[in-house]
Protein chains: 2
Amino acid sequence: MKAVAELRPRRSRQGPRRRASEIIDAAAQVFAERGFHGASTQDIADVLGIWQASLYYYFASKEAALEQVCTRGVEGFLESAAEIVASPGTATEKVQRLIESHLTPVRERTAFVKVFLKERQHLPDESRRRIGRLSRAYERLIEGVLKTGVANGEFRADLDCRLATLGFLGMLNAASMWYGKEGGATIERMSEEFGRLLLDGMQVSRPTRAARGKPRA
Amino acid sequence: MKAVAELRPRRSRQGPRRRASEIIDAAAQVFAERGFHGASTQDIADVLGIWQASLYYYFASKEAALEQVCTRGVEGFLESAAEIVASPGTATEKVQRLIESHLTPVRERTAFVKVFLKERQHLPDESRRRIGRLSRAYERLIEGVLKTGVANGEFRADLDCRLATLGFLGMLNAASMWYGKEGGATIERMSEEFGRLLLDGMQVSRPTRAARGKPRA
DNA sequence: GCCGAATTCTATAGATCAATAGATGGCATT
DNA sequence: AATGCCATCTATTGATCTATAGAATTCGGC
């Protein structure tokens with residue numbers, strides 16, 4: 001429809017990639033708010049103050065835009081996890097660092113991470129599979145650290161590493177959904193609190209829960 | 001389009017609510033698979049083997065169908081949590097029972113719970129607010145149990161009850177997304193493993209993580 | 001075998017939306 | 001100040017989808 005052309009400051013030419021990145025930022029924001037199918041290309045154009053058809057100068061299809069958003073949503077996770085896994089340190093220390101490195105993109109690229117988590121299922125087959133492989137590789141890295149921890153006695157022998165990995169990711173990924181809406185929930189606080197919750201539940205040797213469960217009052 | 005009329009066994013008249021419930025089951029299944037906006041009413045009709053327009057005998061609009069699905073997706077959570085909270089027992093015991101009661105609907109009504117979790121944002125204002133109130137009341141019940149546990153010394157004094165509640169729900173809700181896809185992940189196993197993870201992370205008095213973190217190998 | 005209600009079908013209106021094609025205007029460089 | 005490219009606009013097409021209206025069919029009960 002209309003696109004308040006009068007108010008739009010004509011963009012001076014920036015680096016060639018710069019404007020393209022603004023377009024994808026807008027797409028990420030809109031997809032995060034309304035979902036991929038719930039958002040129209042018009043919605044994206046409105047954020048930018050340009051006409052709907054102009055978007056097609058930057059991407060070939062709405063699905064291609066989703067792919068770019070999701071790609072930015074996963075990028076970095078695998079790399080920094082691999083770095084942590086390869087570095088020296090106990091499994092406990094690695095888990096703590098994995099938590100921090102998982103939450104950092106949530107602060108830096110909230111919309112991208114949200115879209116990756118909720119909308120990647122709507123990607124066309126090829127890119128969905130590509131991104132699915134990345135996710136699975138990431139999960140495997142985490143699960144590997146847990147298994148190492150079990151093997152060397154840091155973690156309980158009966159820890160179900162697969163379930164613990166899924167629980168770990170479930171807890172941390174939920175954070176991306178309410179980050180920004182929950183007042184005091186900073187990345188630092190979450191890293192600390194979730195680190196304690198998860199690590200204390202994995203580690204060995206403590207009295208049974210039933211025994212400790214008795215309240216003193 | 002077409003709706004294989006030859007193959008469809010004409011439904012004999014069942015209880016008045018019975019057929020309506022089958023329609024909503026189909027909607028839940030389709031919404032869970034493709035998302036609310038990604039699913040067409042045609043998709044729902046295809047599952048049932050009837051014509052798209054016939055659905056409107058059962059609901060007034062696609063959004064009304066979503067509302068019915070989401071309502072069935074939340075129902076029971078609040079009631080059984082309230083019952084647990086009101087019953088006698090330690091906070092530890094209550095948390096364990098809250099975990100089990102949260103996961104049970106995931107087995108019984110997987111599609112409904114998934115749709116509630118992922119699609120409720122697309123409900124029209126009024127019903128979204130109604131369902132939002134239910135969710136928040138549920139969260140408050142859980143947070144209340146954690147606070148009680150901190151107050152009576154079962155849980156760490158420095159436990160961030162709000163974050164722990166959100167982490168708790170994040171972990172458990174993620175389960176509904178992969179339940180059925182992860183081979184050995186039964187509700188019982190998950191209750192047990194997630195119970196240990198979360199409770200051990202909340203309870204008091206153990207050596208520092210750093211000290212226990214040293215591997216023996 | 002007929003009646004009436006429950007259920008499904010047929011036909012279509014009306015809206016929305018992604019995507020294409022080509023025109024237009026500005027800006028940097030010369 | 002003329003040129004050429006980058007970015008956006010204008011106009012439109014065709015597909016898809018929700019929803020409505022009313023006709024037709026089924027079935028249980030009589």
Side-chain angles (χ1 to χ4, degrees), chain A residues 1-27 30-31 33-69 119 122-124, chain B residues 1-27 30-31 33-69 119 122-124:
Chain A
M1 298 278 184
K2 49 100 195 296
V4 237
E6 303 75 273
L7 295 179
R8 172 169 39 83
R10 202 71 166 187
R11 304 240 143 241
S12 60
R13 230 165 280 191
Q14 321 163 297
R17 296 272 128 199
R18 186 69 164 284
R19 183 63 172 158
S21 158
E22 290 174 357
I23 306 292
I24 295 302
D25 281 356
V30 170
F31 290 161
E33 267 170 26
R34 309 158 83 113
F36 176 66
H37 287 295
S40 68
T41 52
Q42 182 65 60
D43 295 331
I44 302 174
D46 287 347
V47 168
L48 294 158
I50 62 176
W51 292 80
Q52 177 261 344
S54 305
L55 294 171
Y56 286 78
Y57 178 75
Y58 295 96
F59 50 72
S61 68
K62 198 184 163 193
E63 284 180 343
L66 179 62
E67 183 175 355
Q68 290 185 55
V69 172
E119 310 297 333
H122 300 117
L123 285 168
Chain B
M1 296 274 185
K2 51 100 195 297
V4 235
E6 304 77 274
L7 295 179
R8 172 168 42 82
R10 204 68 168 185
R11 305 239 143 240
S12 60
R13 228 163 284 192
Q14 319 163 298
R17 296 273 127 199
R18 187 67 165 282
R19 183 61 172 157
S21 157
E22 288 174 359
I23 305 293
I24 293 302
D25 281 357
V30 170
F31 289 160
E33 267 169 27
R34 311 159 83 114
F36 176 66
H37 288 295
S40 68
T41 52
Q42 184 65 61
D43 294 331
I44 302 173
D46 287 347
V47 168
L48 294 159
I50 62 177
W51 292 80
Q52 177 262 344
S54 304
L55 294 172
Y56 285 79
Y57 178 73
Y58 295 96
F59 50 72
S61 69
K62 198 184 162 193
E63 284 181 341
L66 178 63
E67 183 175 354
Q68 290 186 54
V69 173
E119 311 296 333
H122 300 117
L123 285 168

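Treat the numbers as computed from the prediction; the structure is a model and nothing was measured. Note on naming: letters A, B, ... go to the chains in the order of the sequence lines (proteins, then strands), and numbering restarts at 1 for each one.
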From D:dT8, C:dT10, C:dC9, nucleotide with atom closest to A:Tyr57 side chain: D:dT8
Separation of atom CD1 in A:Ile50 from atom P in D:dT10, rounded to whole Å: 12 Å
A:Leu55 CG to D:dT10 P, straight-line distance once rounded to whole Å: 15 Å
Heavy-atom side-chain contact between A:Ser21 and A:Ile24 under 4.5 Å: no
Summary of salt bridge (charged side-chain N to carboxylate O under 4.0 Å, His left out) pairs that have at least one residue in residues 47-61 of chain B, sequence neighbours excluded: none
Integer-rounded Å distance: C:dC17 P and A:Phe59 CZ: 15 Å
Sugar-phosphate only, base, or nothing, as touched by B:Ala64 at under 4.0 Å among non-hydrogen atoms: nothing
Whole-Å distance separating the OH atom of B:Tyr56 from the P atom of D:dA23: 21 Å
First of A:Ala60 and A:Asp43 reached from the 5' end of DNA chain C, by closest nucleotide: A:Asp43
Atom-pair distance (CG on A:Leu66; P on C:dC17), nearest Å: 17 Å
Minimum-distance nucleotide to A:Lys62 side chain [options: C:dA18, C:dT8, D:dC9]: C:dA18
Candidates D:dC9, C:dA11, C:dA18 - which lies nearest the side chain of B:Ala53: C:dA11
Interatomic distance where NE2 belongs to B:His37 and C1' belongs to D:dT18 [whole Å]: 13 Å
Nucleotide nearest B:Gln52 when distance is taken to its side chain, options D:dT20, D:dA19, C:dC9: D:dA19
C:dT7 phosphate, OP1 or OP2, under 4.0 Å from B:Ser54 side-chain N/O: no
Sugar-phosphate, base or nothing in reach of B:Ser40, heavy atoms under 4.0 Å: sugar-phosphate
pair B:Leu55-B:Leu48: side-chain heavy atoms closer than 4.5 Å: yes
Results of ring pair (Phe, Tyr, Trp, His ring centres under 6.0 Å) for B:Tyr58 - residues two or more places apart only: none
Sugar-phosphate only, base, or nothing, as touched by A:Ala65 at under 4.0 Å among non-hydrogen atoms: nothing
Of the listed nucleotides D:dA19, D:dC9, C:dT10, the one nearest the side chain of B:Ser61: D:dA19
Separation of D:dC6 P from A:Trp51 CH2 (nearest whole Å): 24 Å
Residue B:Tyr58, side-chain heavy atoms: nucleotide from D:dA7, C:dT7, C:dC9 that is nearest: C:dT7
Close side-chain approach of A:Val47 to A:Asp25, heavy-atom, < 4.5 Å: no
Phosphate-side-chain proximity, B:Thr41 and D:dC17, N/O vs OP1/OP2 below 4.0 Å: no
Atom pair distance, as rounded to whole Å: CZ in B:Arg34 and C1' in D:dT16: 13 Å
